[in-house]
Engineer: 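The structure's right below; bear with me while I get my questions together.
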Amino acid sequence: MNQDELKRQAAQAALEYLPDSGVLGIGTGSTVNHFIDFLADVKNRFEGAVSSSEASTERLKAIGMQVFDLNAVGELEIYVDGADESNHSLHLIKGGGGALTREKIIAAASKKFVCIADESKLVHVMGKFPLPVEVIPMARSYVARELVKLGGTPVWRENFITDNGNIILDVQNLEIMEPVKLETQINQIAGVVTVGIFGHRPADVLILGSESGPKTIL
Ligand code: 5RP
């Protein structure tokens, strides 16, 4: 199976975590796109969804799901999203698609975060995948200098603006031994909107597509 087929397998396995009704939290990326495709068959059970990006909103509307503003709904039962890396404690790196801030907000507002990925995303120490940091545009150089002090090599994601109108610095060469601590440190840099470490709010369930079928880590 190729990587995309493994993503699809994980997306399908996440269906069993869905509640009977209500509003779903939906993330962003190619794995989530598969999940949205599967959702088309069961969508009538749900009032609608809250979406973490304009891209997912479009896709949800295309299958006929209503998309709500997060402010219009209460706590969500479930949030389903992908990841760029996960460690065994289900701390994640997210933001490869640039939607990390909205993703982090919806994850925080949800009772259960089900993360779907192919098995290549599971690592012992995160950081091989460049860590995305969403930054207010005027703070780009300052934040980059601060990230160098933390041991990273920030690279400006050129020709990319987030749905919130900000830029992304992708930080290379980090070995993230203490995800929760590093998340706090980076979030304290003035001008940082969000860092793509999901340590304070890790996933609750990780479903990994694999050659031998979906594997679940709790
Ligand atoms: C987007 C994300 C995605 O969840 C992450 O990049 C994984 O993407 P994919 O499912 O395409 O591998 O964080 O901001």
Side-chain angles (χ1 to χ4, degrees), residues 1-15 17 24-39 49-60 70 78-87 90-110 112-123 126-135 155 157 159-172 174 176 179 183 186 192-210 214-215:
M1 286 170 105
N2 64 32
Q3 191 183 26
D4 194 57
E5 288 164 338
L6 296 176
K7 289 179 179 188
R8 192 165 184 278
Q9 184 195 84
Q12 185 170 26
L15 291 172
Y17 288 88
L24 306 174
I26 301 293
T28 297
S30 56
T31 317
V32 167
N33 285 347
H34 285 304
F35 183 72
I36 294 172
D37 293 344
F38 285 118
L39 214 46
V50 170
S51 161
S52 69
S53 64
E54 303 301 330
S56 288
T57 296
E58 250 181 56
R59 214 169 168 105
L60 285 161
L70 182 62
I78 188 167
Y79 177 56
V80 179
D81 198 358
D84 300 301
E85 278 185 350
S86 173
N87 66 17
L90 307 196
H91 301 135
L92 311 173
I93 286 185
K94 291 186 46 55
L100 60 162
T101 300
R102 295 186 189 190
E103 291 171 343
K104 200 176 269 196
I105 294 167
I106 304 177
S110 301
K112 182 172 274 187
F113 178 2
V114 176
C115 183
I116 51 178
D118 69 272
E119 65 180 347
S120 72
K121 307 279 183 84
L122 184 65
V123 297
M126 298 192 298
K128 195 163 176 206
F129 188 92
L131 176 64
V133 183
E134 181 166 355
V135 176
V155 176
R157 197 183 293 182
N159 303 315
F160 185 87
I161 298 291
T162 69
D163 286 345
N164 311 308
N166 299 311
I167 61 115
I168 299 276
L169 295 174
D170 291 304
V171 190
Q172 301 175 346
L174 288 173
I176 305 176
E183 180 180 15
I186 295 179
V192 168
V193 179
T194 325
V195 59
I197 300 175
F198 283 52
H200 288 280
R201 203 302 175 223
D204 299 302
V205 178
L206 174 63
I207 303 174
L208 296 168
S210 83
K215 291 179 184 160

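Side chains included, hydrogens not; waters and symmetry mates left out as well; all remaining heavy atoms used. Ligands are counted one by one from 1 in listed order, and the atoms in each one are counted from 1 as well. Keep in mind that this is a model prediction, so the values were computed, not measured.
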Engineer: Nearest protein heavy atom to atom 12 (O) of ligand 1, by residue and atom, and its distance?
Structural biologist: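 Minimum-distance protein heavy atom for atom 12 (O) of ligand 1 reads Lys121 NZ, 2.7 Å.
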Engineer: Closer than 4.0 angstrom, basic N to acidic O: yes or no for Lys112 and Asp204?
Structural biologist: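 So Lys112 does not pair with Asp204 through a salt bridge.
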Engineer: Atoms of ligand 1 less than 4.0 Å from Gly96 heavy atoms?
Structural biologist: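 Here the atoms of ligand 1 in question are 6 (O), 13 (O), 14 (O).
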Engineer: Looking at atom 6 (O) of ligand 1, what's its closest protein heavy atom, distance included?
Structural biologist: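 It is Asp84 OD1, 2.7 Å.
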Engineer: Regarding ligand 1, does Gly95 bring an N or O atom to under 3.5 Å of one of the ligand's N or O atoms?
Structural biologist: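 Checking ligand 1 against Gly95, an N or O pair does fall under 3.5 Å apart.
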Engineer: Under 4.5 Å between any side-chain heavy atoms of Thr162 and Thr101, yes or no?
Structural biologist: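 The answer is no; the side chains never approach within 4.5 Å.
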Engineer: Geometry only, no angles: is Gly29 polar-contacting ligand 1 at N/O separations under 3.5 Å?
Structural biologist: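 There is no such contact.
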Engineer: Got a second to check how far Ser120's OG is from Asp84's CG, nearest 0.5 Å?
Structural biologist: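 If I round to the nearest 0.5 Å, the distance is 10.0 Å.
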Engineer: With heavy-atom distances below 4.0 Å as the criterion, list the atoms of ligand 1 near Asp81.
Structural biologist: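 Listed by number with element: 4 (O).
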Engineer: Tell me: protein heavy atom nearest atom 3 (C) of ligand 1, and distance?
Structural biologist: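 Residue, atom and distance for the closest contact: Thr28 O, 3.2 Å.
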Engineer: Is Ile93 close to Pro132 at the side-chain level, that is, under 4.5 Å between some pair of heavy atoms?
Structural biologist: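 Heavy-atom side-chain distance check passes, below 4.5 Å.
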Engineer: May I ask you to list the atoms of ligand 1 that are less than 4.0 angstrom from any heavy atom of Gly82?
Structural biologist: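 The list of qualifying atoms is 4 (O).
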Engineer: For Gln172, look at atom CD and say whether over 12 heavy atoms of other residues, nucleotides or ligands are found less than 6.0 Å away.
Structural biologist: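 Count over threshold, so yes.
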Engineer: Between Glu183 and Lys104, does any side-chain N to carboxylate O distance fall below 4.0 Å?
Structural biologist: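 Here Glu183 pairs with Lys104 in a salt bridge, since their nearest N and O are under 4.0 Å apart.
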Engineer: With heavy atoms of Lys7 as the reference, note each atom of ligand 1 found under 4.0 Å away.
Structural biologist: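 Heavy-atom distances to Lys7 below 4.0 Å select 9 (P), 11 (O), 12 (O).
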Engineer: Considering non-hydrogen atoms of the protein only, which is the closest contact for atom 10 (O) of ligand 1, and what is the distance?
Structural biologist: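 Ranking protein heavy atoms by distance from atom 10 (O) of ligand 1, first comes Thr31 OG1, 2.6 Å.
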Engineer: Considering the heavy atoms of Lys94, write down every atom of ligand 1 situated less than 4.0 Å from one of them.
Structural biologist: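 It comes down to these atoms of ligand 1: 2 (C), 3 (C), 4 (O), 13 (O).
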Engineer: I need the atoms of ligand 1 closer than 4.0 Å to a non-hydrogen atom of Glu103, numbered in the order shown.
Structural biologist: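 Once the distances to Glu103 are compared, the set is 1 (C), 2 (C), 13 (O), 14 (O).
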Engineer: In ligand 1, which numbered atoms sit nearer than 4.0 Å to a non-hydrogen atom of Ala99?
Structural biologist: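 By the 4.0 Å cutoff, the relevant atoms are 14 (O).
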Engineer: Does any non-hydrogen side-chain atom of Asp170 lie less than 4.5 Å from one of Phe129?
Structural biologist: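 Side-chain contact under 4.5 Å: no.
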Engineer: Hey, are the side chains of Lys121 and Ser86 touching, using non-hydrogen atoms and a 4.5 Å cut-off?
Structural biologist: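 When only atoms from C-beta onward are counted, Ser86 and Lys121 do not touch, as no gap falls below 4.5 Å.
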Engineer: Is the closest side-chain heavy-atom distance between Ile167 and Ile161 below 4.5 Å?
Structural biologist: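 Answer yes - side chains close enough.
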Engineer: Are Gly98 and ligand 1 in contact, using a heavy-atom cut-off of under 4.0 Å?
Structural biologist: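 Gly98 counts as a contact of ligand 1 under the 4.0 Å cut-off.
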Engineer: Please state which part of Ala83 comes within less than 4.0 Å of ligand 1, counting heavy atoms only: side chain, backbone, both or neither.
Structural biologist: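 Within the 4.0 Å criterion, Ala83 contacts ligand 1 through backbone atoms alone.
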Engineer: Are Ile26 and Val32 packed together at the side-chain level, in the sense that at least one heavy-atom pair is separated by less than 4.5 angstrom?
Structural biologist: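 Of all side-chain heavy-atom pairs linking Val32 with Ile26, at least one is under 4.5 Å.
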Engineer: How far is atom 9 (P) of ligand 1 from its nearest protein heavy atom, and which residue and atom is that?
Structural biologist: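 The answer is Ser30 OG, 3.3 Å.
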